[in-house]
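Encoded as structure tokens, the structure appears first; notes follow it.
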Amino acid sequence: MQVNEIIRGALAYEKFAIAKLISLFESGSPKDQRECLSVENAIYGATSRSALLIGLTGAPGSGKSTLIQFLIREVLSLQKTWRVAVVAVDPSSPVSGGALLGDRTRVHFDNEEQTFFRSQASDMDLGGIGRNTFRVCRILRRLFDLVLVESVGVGQSEIEIARLADSTLLTLQPFSGDQIQFMKSGIMEVPQAFVITKCDAEDLAARSLHQLRASLNFLQRIDREVNPVPIFQTSSVRQTGFVELAEFVTNASALSERADIERDNYFLRKEIRYYFGEWGLKKLEESLHLAKEKSFEARRIQILSGLNTGEFL
Ligand SMILES: Nc1nc2c(ncn2[C@@H]2O[C@H](COP(=O)(O)OP(=O)(O)O)[C@@H](O)[C@H]2O)c(=O)[nH]1
Ligand SMILES: [Mg+2]
């Protein structure tokens, strides 16, 4: 597929073109990287749509994928015209290096027309999200109304996902011991909301809620800056709790413009370090004073093109 067909198709919301576009972003080849820049240039120029970006994290098996499926159904009954993209970041298999595609075959969306699903390999060196996850989410924000990112709940991924998303949800399954781990690693302070999943196990769920409230009260006592965070309780078996969660998600607000640029900068640096190392970062610093009058996007594309073609400065 030619780049201009990818651009046209993606803007027309053709799923095949969007899938091709993501593959281009995932490819490390210099030619594909240059094509990515054309795609970004065209899409950022063509639309200013900007989806809400919601992160979902929690231990493997805590019910994230299942939750997404039910959450999307409720979101679409509240926002009937929305298009929703899901990016699921799977643990890379040490053998194949690829994403585990299991989720796609299991997760079922009622509304295929308005939903798009993509599985991506994670990269442990980058804190558990893929090296292109942000760049992919960033462009998907121009094509959708809501982008949900499910991350593996291991390593530093909770922290990275919170940096990436406008709002982050943390799933906890009743009495799994996850809370204690999360307390130790400071992750309890990360999300904008907690979701206790599998609340069909009533007794365990009630005890889990009690324990979570106690932990959060404790955190607030030692640090008054910590804001009270809502706790949702869901059950996919009984189909409860998803309406409330959908209301929370659809009412979540996007980052302010300034915070958005800080986030763009953070991930741009990360990407440059990954592909071009310290040399790339040095070039980035040197170029910061150039073209100040240009928009962030124009400068970003200029810097990445310069690094990609090796014609930099
Ligand atoms: N009883 C019960 N099981 C659930 C619920 N949600 C998910 N599960 C089960 O928990 C397992 C892990 O779910 P999954 O969504 O794949 O978790 P993920 O690894 O966090 O994405 C699956 O066997 C699900 O069927 C729930 O609300 N109640
Ligand atoms: Mg999953």
Side-chain angles (χ1 to χ4, degrees), residues 53-75 84-93 96 98-110 115-124 127-130 133 136-137 146-162 164-165 167-182 185 187-188 190-191 193-209 212 231-246 248-249:
L53 183 53
I54 301 286
L56 185 67
T57 186
S62 59
K64 298 180 293 298
S65 300
T66 314
L67 181 146
I68 284 180
Q69 186 179 324
F70 289 97
L71 176 63
I72 288 180
R73 179 192 288 175
E74 296 306 333
V75 163
V84 183
V86 178
V87 178
V89 189
D90 291 324
S92 299
S93 145
S96 70
L100 302 170
L101 289 166
D103 269 354
R104 184 58 188 125
T105 51
R106 204 162 46 74
V107 177
H108 167 76
F109 296 114
D110 298 327
T115 51
F116 176 85
F117 183 95
R118 180 71 174 211
S119 186
Q120 268 208 322
S122 73
D123 195 321
M124 286 310 150
I129 61 166
T133 305
V136 166
C137 290
L146 174 65
V147 178
L148 291 167
V149 187
E150 172 188 340
S151 89
V152 276
V154 289
Q156 287 295 300
S157 62
E158 289 87 356
I159 315 267
E160 282 302 285
I161 207 87
L164 177 129
S167 286
T168 304
L169 311 174
L170 178 65
T171 56
L172 293 167
Q173 65 175 334
F175 267 73
S176 50
D178 295 344
Q179 257 197 65
I180 296 160
Q181 289 306 318
F182 290 149
S185 45
I187 284 158
M188 297 296 273
V190 164
F194 289 92
V195 184
I196 301 180
T197 54
K198 311 190 187 181
C199 287
D200 35 287
E202 282 174 28
D203 285 354
L204 287 178
R207 270 156 51 200
S208 223
L209 177 66
L212 177 59
I231 303 171
F232 295 92
Q233 295 170 275
T234 60
S235 162
S236 63
V237 174
R238 296 197 183 154
Q239 306 208 2
T240 51
F242 297 104
V243 177
E244 295 81 353
L245 193 59
F248 178 82
V249 165

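Numbers here simply count residues along the sequence, with the first being 1. Note that these values count all heavy atoms, side chains included, but never hydrogens, waters or copies made by symmetry. Atoms within each ligand, like the ligands themselves, are counted from 1 in listed order.
- Contacts with ligand 1 closer than 4.0 Å are made by no heavy atom of Gln173, backbone or side chain.
- Ligand 1 lies within reach of Ala59, whose nearest heavy atom is under 4.0 Å from it.
- Inter-residue side-chain proximity for Val75 and Phe242 is flagged as unmet; no heavy-atom pair is nearer than 4.5 Å.
- At a 4.0 Å heavy-atom cut-off, ligand 1 touches Pro60 through the backbone alone.
- Residue-to-ligand polar distances keep Thr234 apart from ligand 1: every N/O pair is separated by 3.5 Å or more.
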Q.
Would Val149 and Cys137 count as a side chain to side chain contact (heavy atoms under 4.5 Å, CB included) here? Give the steps.
A. CA-CA 8 Å; Val149 187; Cys137 290; 3.6 Å; yes
Q.
Working note: Thr171 + Asp178, criterion side chain to side chain contact (heavy atoms under 4.5 Å, CB included); need CA distance, chi angles, decisive distance, verdict.
A. CA-CA 10 Å; Thr171 56; Asp178 295 344; over 6 Å; no
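- For residue Thr66, no N/O/S atom approaches the Mg ion (ligand 2) to within less than 2.8 Å.
- Distances from ligand 1 to the non-hydrogen atoms of Asp200 include at least one value under 4.0 Å.
- Only one option out of Leu204, Leu212, Asp200 pairs with Pro174 in a side-chain contact (heavy atoms from CB on, under 4.5 Å); it is Leu204.
- For a threshold of 3.5 Å applied to N or O pairs, the pair formed by Gly63 and ligand 1 contains at least one separation below that value.
- Glu150 has its closest N, O or S atom to the Mg ion (ligand 2) at the position named OE2.
- No side-chain heavy atom of Ile72 sits under 4.5 Å from any side-chain heavy atom of Leu146.
- With contacts defined as side-chain heavy-atom distances shorter than 4.5 Å, the pair Leu169/Leu245 qualifies.
- Within the 4.0 Å heavy-atom shell around ligand 1 one does not find Gly58.
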